[in-house]
Amino acid sequence: MPKALLLENIHPLAAEALSKDGFDVVTMKGALSEDELIEALDGVDLLGIRSKTTVTPKVIDACPQLTAIGCFCIGTNQVDLSYAANQGIAVFNAPYSNTRSVVELVICDIICLMRRIPAHTHYLKHGVWDKSATGSHEVRGKTLGIIGYGNIGSQLSVLAEALGMRVVFYDLEEKLALGNAHRCETLDELLEQSDAVTLHVDGRKSNTGFFGEHQFAQMKQGAIFINASRGFVADLVALKKYIDNGHIAGAALDVYPTEPKAKGDPFTSELADEDNMVLTPHIGGSTLEAQKNIGTFVAQRLSDYWFKASTMLSVNLPQITVGDCKNEARVAHLHKNLPGILAQVNQHLGAQDINVSAQSLGTEGEIGYAVMDVSAPLSQETIEALEAIPGTIRVRVMQ
Ligand SMILES: NC(=O)c1ccc[n+]([C@@H]2O[C@H](COP(=O)([O-])OP(=O)(O)OC[C@H]3O[C@@H](n4cnc5c(N)ncnc54)[C@H](O)[C@@H]3O)[C@@H](O)[C@H]2O)c1
Ligand SMILES: O=C(O)[C@H](O)COP(=O)(O)O
């Protein structure tokens with residue numbers, strides 16, 4: 001029976017679905033360290049993680065049976081995607097399922113900071129009644145600067161405009177401006193005019209330290225700052241400096257340079273004592289609706305890959321969408337993207353008088369992936385012949 005290990009409190013629907021599909025499923029509440037993960041992955045075929053578990057080349061090398069990884073979240077920066085592909089491991093995520101939950105949290109953060117809710121709450125909890133309107137603003141008519149106009153940023157754009165905000169955005173890629181949103185050609189152009197700046201870039205390595213001293217200094221006097229992307233994107237020492245000197249009126253953070261691996265683990269922040277500060281424990285995607293949808297979606301991707309060799313929505317392999325096998329067996333051949341490999345595969349099958357009734361090939365960069373339905377089960381000898389083709393990364397046969 002194939003084994004699945006699900007970490008980080010992945011919604012129970014995922015375990016339920018994989019168990020129903022015939023997997024022996026082990027679930028754990030927290031994330032694991034590299035050594036703990038290597039130990040836990042012994043004999044495991046499918047791994048489910050969220051944003052806290054890091055899958056390094058050392059983990060991948062130690063677990064040759066690992067066939068696929070499901071990131072039950074959006075971000076996949078916690079997995080060495082290229083190394084995984086070159087070791088024959090497919091990685092999937094849930095690109096849309098929690099985006100709305102993040103957007104609603106950020107809308108909450110914007111209004112909270114504009115009305116100084118954290119400060120008022122703190123004072124009132126300590127017996128200070130302060131109805132002053134000083135530093136408090138309506139969001140209507142204010143300018144929201146969205147950095148990263150992807151699935152989250154663009155949804156936020158629509159909801160912010162519905163609140164009467166003016167939206168500007170900055171993205172590395174060409175993006176369709178929704179509603180009346182205005183695309184800024186440079187980041188500084190956004191920073192100079194935004195009353196609220198919010199980060200929704202992805203976790204690519206080049207975004208480490210993306211928003212620091214210069215960017216905070218470029219923000220409008222009295223603007224607010226929000227980061228719901230990845231903790232390593234923003235320099236919190238610089239943020240504290242510009243809050244303490246009064247340049248920035250408040251901030252909301254949902255992500256941090258280092259985050260606890262499990263509920264109840266200790267957490268400290270240099271910003272904890274700031275009064276107009278919203279600190280949340282990476283809960284942008286933590287709604288029952290989002291987690292339920294993610295659990296179902298990613299579990300299905302893993303099952304489809306395991307049983308059908310489908311790489312639909314894989315984040316690191318060429319995407320081939322296939323349905324049920326309509327012949328005796330299905331062969332999935334993952335290889336280096338080199339000329340002549342598919343011909344050699346077909347030659348070996350032909351030599352065994354095995355007919356190919358359907359064949360799909362996809363390539364992406366250095367990786368090629370072929371899925372074919374064949375007229376007869378493959379002998380171990382034929383499988384080994386396919387594995388021996390130079391450039392082969394992994395051969396899987398469903399028969
Ligand atoms: N706080 C949370 O719980 C939570 C929840 C979901 C996602 N996230 C994080 O939010 C990120 C964004 O999510 P998404 O679904 O919108 O991703 P996405 O890939 O749809 O959008 C990211 C956008 O950022 C742009 N971008 C990347 N680097 C940039 C840069 N340096 N300057 C300008 N633009 C840049 C990309 O071109 C892209 O358009 C995820 O990758 C994840 O790390 C956090
Ligand atoms: O990448 C994401 O979707 C978010 O960071 C959420 O991560 P989580 O599933 O660990 O809350």
Side-chain angles (χ1 to χ4, degrees), residues 6-11 14 29-31 48-54 70-79 81 91-106 108-109 145-158 168-178 181 183-191 197-212 215 226-234 252-257 259-263 278-295 297-298 313 315:
L6 303 182
L7 306 178
E8 298 188 62
N9 203 24
I10 288 169
H11 195 280
K29 286 252 183 256
I49 61 174
R50 292 172 60 177
S51 63
K52 298 295 169 305
T53 301
T54 305
C71 296
F72 284 73
C73 55
I74 292 175
T76 56
N77 56 281
Q78 62 278 32
V79 180
L81 295 176
V91 181
F92 301 89
N93 74 337
Y96 312 118
S97 306
N98 67 13
T99 55
R100 176 61 186 236
S101 298
V102 180
V103 168
E104 292 185 3
L105 177 70
V106 172
C108 168
D109 288 338
I146 301 173
I147 305 171
Y149 205 69
N151 294 321
I152 291 174
S154 56
Q155 279 187 79
L156 176 61
S157 175
V158 173
V168 297
F169 69 90
Y170 170 71
D171 200 297
L172 292 175
E173 297 173 1
E174 190 61 33
K175 292 287 180 178
L176 170 68
L178 301 182
R183 178 195 176 112
C184 294
E185 289 309 315
T186 66
L187 180 55
D188 282 357
E189 181 191 342
L190 178 145
L191 297 176
V197 173
T198 185
L199 283 186
H200 299 288
V201 299
D202 55 56
R204 68 184 76 177
K205 284 189 174 55
S206 58
N207 279 337
T208 303
F210 164 71
F211 205 96
Q215 289 72 29
I226 296 164
N227 184 18
S229 62
R230 281 291 179 265
F232 53 76
V233 171
L253 301 177
D254 188 47
V255 289
Y256 307 86
E259 298 179 4
K261 287 219 176 281
K263 181 178 177 182
V278 176
L279 296 180
T280 46
H282 203 146
I283 56 169
S286 298
T287 61
L288 294 178
E289 294 83 3
Q291 291 307 310
K292 180 181 169 191
N293 293 337
I294 290 171
F297 182 85
V298 179
L313 289 177
V315 296

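Counting starts at 1 for both ligands and their atoms, in listed order. Values below: every heavy atom of this structure, side chains too, minus hydrogens, waters and symmetry copies.
Put simply, the side chain of Val201 does not reach to within 4.5 Å of the side chain of Phe211, judged on heavy atoms. At least one side-chain heavy atom of Tyr256 sits less than 4.5 Å from a side-chain heavy atom of Leu279. Using a 4.5 Å heavy-atom threshold, the side chains of Arg50 and Ile10 count as touching. No side-chain heavy atom of Ile294 sits under 4.5 Å from any side-chain heavy atom of His11. At least one side-chain heavy atom of Cys71 sits under 4.5 Å from a side-chain heavy atom of Ile49. Annotation: side chain of Leu172 is in contact with side chain of Arg204 (closest heavy-atom distance under 4.5 Å). You'll find the side chain of Cys73 reaches within 4.5 Å of the side chain of Gln78, heavy atoms only. Within the 4.5 Å cutoff, no side-chain heavy atoms of Lys175 are placed close to those of Ser154.
The ligand atoms of ligand 1 that sit less than 4.0 angstrom from a heavy atom of Lys175 are 39 (O). Counting the atoms of ligand 1 from 1 in the order shown, those under 4.0 Å from a heavy atom of Glu173 are 37 (O). Shown in contact with Gly75 at under 4.0 Å from a heavy atom are these atoms of ligand 2, numbered in order with element: 1 (O), 2 (C), 3 (O). Each of the following atoms of ligand 2 lies closer than 4.0 Å to a heavy atom of Ser51: 7 (O), 8 (P), 10 (O). Close contacts of ligand 1 with Tyr170, meaning ligand atoms under 4.0 Å from a residue heavy atom, involve 32 (N), 33 (C).
Only the side chain of Asp254 comes within 4.0 Å of ligand 1, judged by heavy-atom distances. The part of Asn98 lying near ligand 2 is the side chain, judged by heavy-atom distances below 4.0 Å. If you look at Tyr96 next to ligand 1, there are no close heavy atoms at all, none under 4.0 Å. If you look at Asn98 next to ligand 1, the close heavy atoms, those under 4.0 Å, all belong to the side chain. By the criterion of a heavy-atom distance under 4.0 Å, the side chain of Val102, and not its backbone, is placed next to ligand 1. The proximity of Asn207 to ligand 1, defined as any non-hydrogen pair under 4.0 Å, is limited to the side chain. Within the 4.0 Å heavy-atom criterion, both parts of Asp171, backbone and side chain, lie near ligand 1. At a heavy-atom distance under 4.0 Å, only backbone atoms of His200 (N, CA, C or O) approach ligand 1.
Less than 4.0 angstrom separates atom 17 (O) of ligand 1 from none of the non-hydrogen atoms of the protein.
Here the closest non-hydrogen pair linking Ser157 and Tyr149 is OG-OH, 2.8 Å. Between Asn77 and Gly203, the shortest heavy-atom contact is CB-O, 3.2 Å. Summarising the geometry of Asn93 relative to Ile74, their closest heavy-atom pair is ND2-O, 2.8 Å, with the distance given to 0.1 Å. Here the closest non-hydrogen pair linking Cys184 and Val168 is SG-CB, 3.8 Å.
Nearest non-hydrogen protein atom to atom 21 (O) of ligand 1 is Gly150 CA, 3.3 Å. Closest to atom 40 (C) of ligand 1 among all protein heavy atoms lies Ile74 CG2, 3.9 Å. Nearest protein heavy-atom contact of atom 4 (C) of ligand 2 is His282 NE2, 3.5 Å. Looking only at heavy atoms of the protein, atom 2 (C) of ligand 2 is closest to Ile74 N, 3.3 Å. Closest to atom 13 (O) of ligand 1, if we only count protein heavy atoms, is Ile152 CD1, 3.4 Å. When hydrogens are left out, the protein atom nearest atom 9 (C) of ligand 1 is Ser229 O, 3.4 Å; that is the closest non-hydrogen contact. For atom 42 (C) of ligand 1, the nearest protein heavy atom (residue, atom name, distance) is Arg230 NH1, 3.6 Å. Here the protein heavy atom with the shortest distance to atom 11 (C) of ligand 1 is Val201 O, 3.2 Å. Taking atom 20 (O) of ligand 1 as the reference point, the nearest protein heavy-atom neighbour is Asn151 N, 2.9 Å.
When only interatomic distances are considered, the shortest N/O to N/O separation between Thr99 and ligand 1 does not fall below 3.5 Å. At least one N or O atom of Gly284, backbone or side chain, sits closer than 3.5 Å to an N or O atom of ligand 1. The N/O atoms of Gly285, backbone and side chain alike, include one that comes under 3.5 Å of an N/O atom in ligand 1.
The 12-atom threshold is exceeded at CZ of Phe232, counting heavy atoms of other residues, nucleotides or ligands nearer than 6.0 Å. Applying the 6.0 Å contact sphere to NZ of Lys292 captures no more than 12 heavy atoms from other residues, nucleotides or ligands.
In this structure, of Asp202, Leu199, Leu172, the residue bringing a heavy atom nearest to atom 34 (N) of ligand 1 is Leu172. Of the listed options Arg50, Arg230, Glu259, Gln291, Arg50 places a heavy atom closest to atom 11 (O) of ligand 2. Comparing heavy-atom distances from atom 8 (N) of ligand 1 across Ser206, Ala228, Pro95 singles out Ala228 as nearest.
Applying the side chain to side chain contact (heavy atoms under 4.5 Å, CB included) test between His200 and each of Asp171, Ile147, Ile152 identifies Ile152 as the sole match.
Under the 3.5 Å distance criterion, with hydrogens and angles disregarded, no donor-acceptor pair is assigned to the side chains of Glu289 and Ser101. With hydrogens and angles left out, the side-chain atoms of Asn207 and Arg230 include no donor and acceptor closer than 3.5 Å.
Proximity of Gly285 to ligand 2 is not established, as no heavy-atom distance is less than 4.0 Å.
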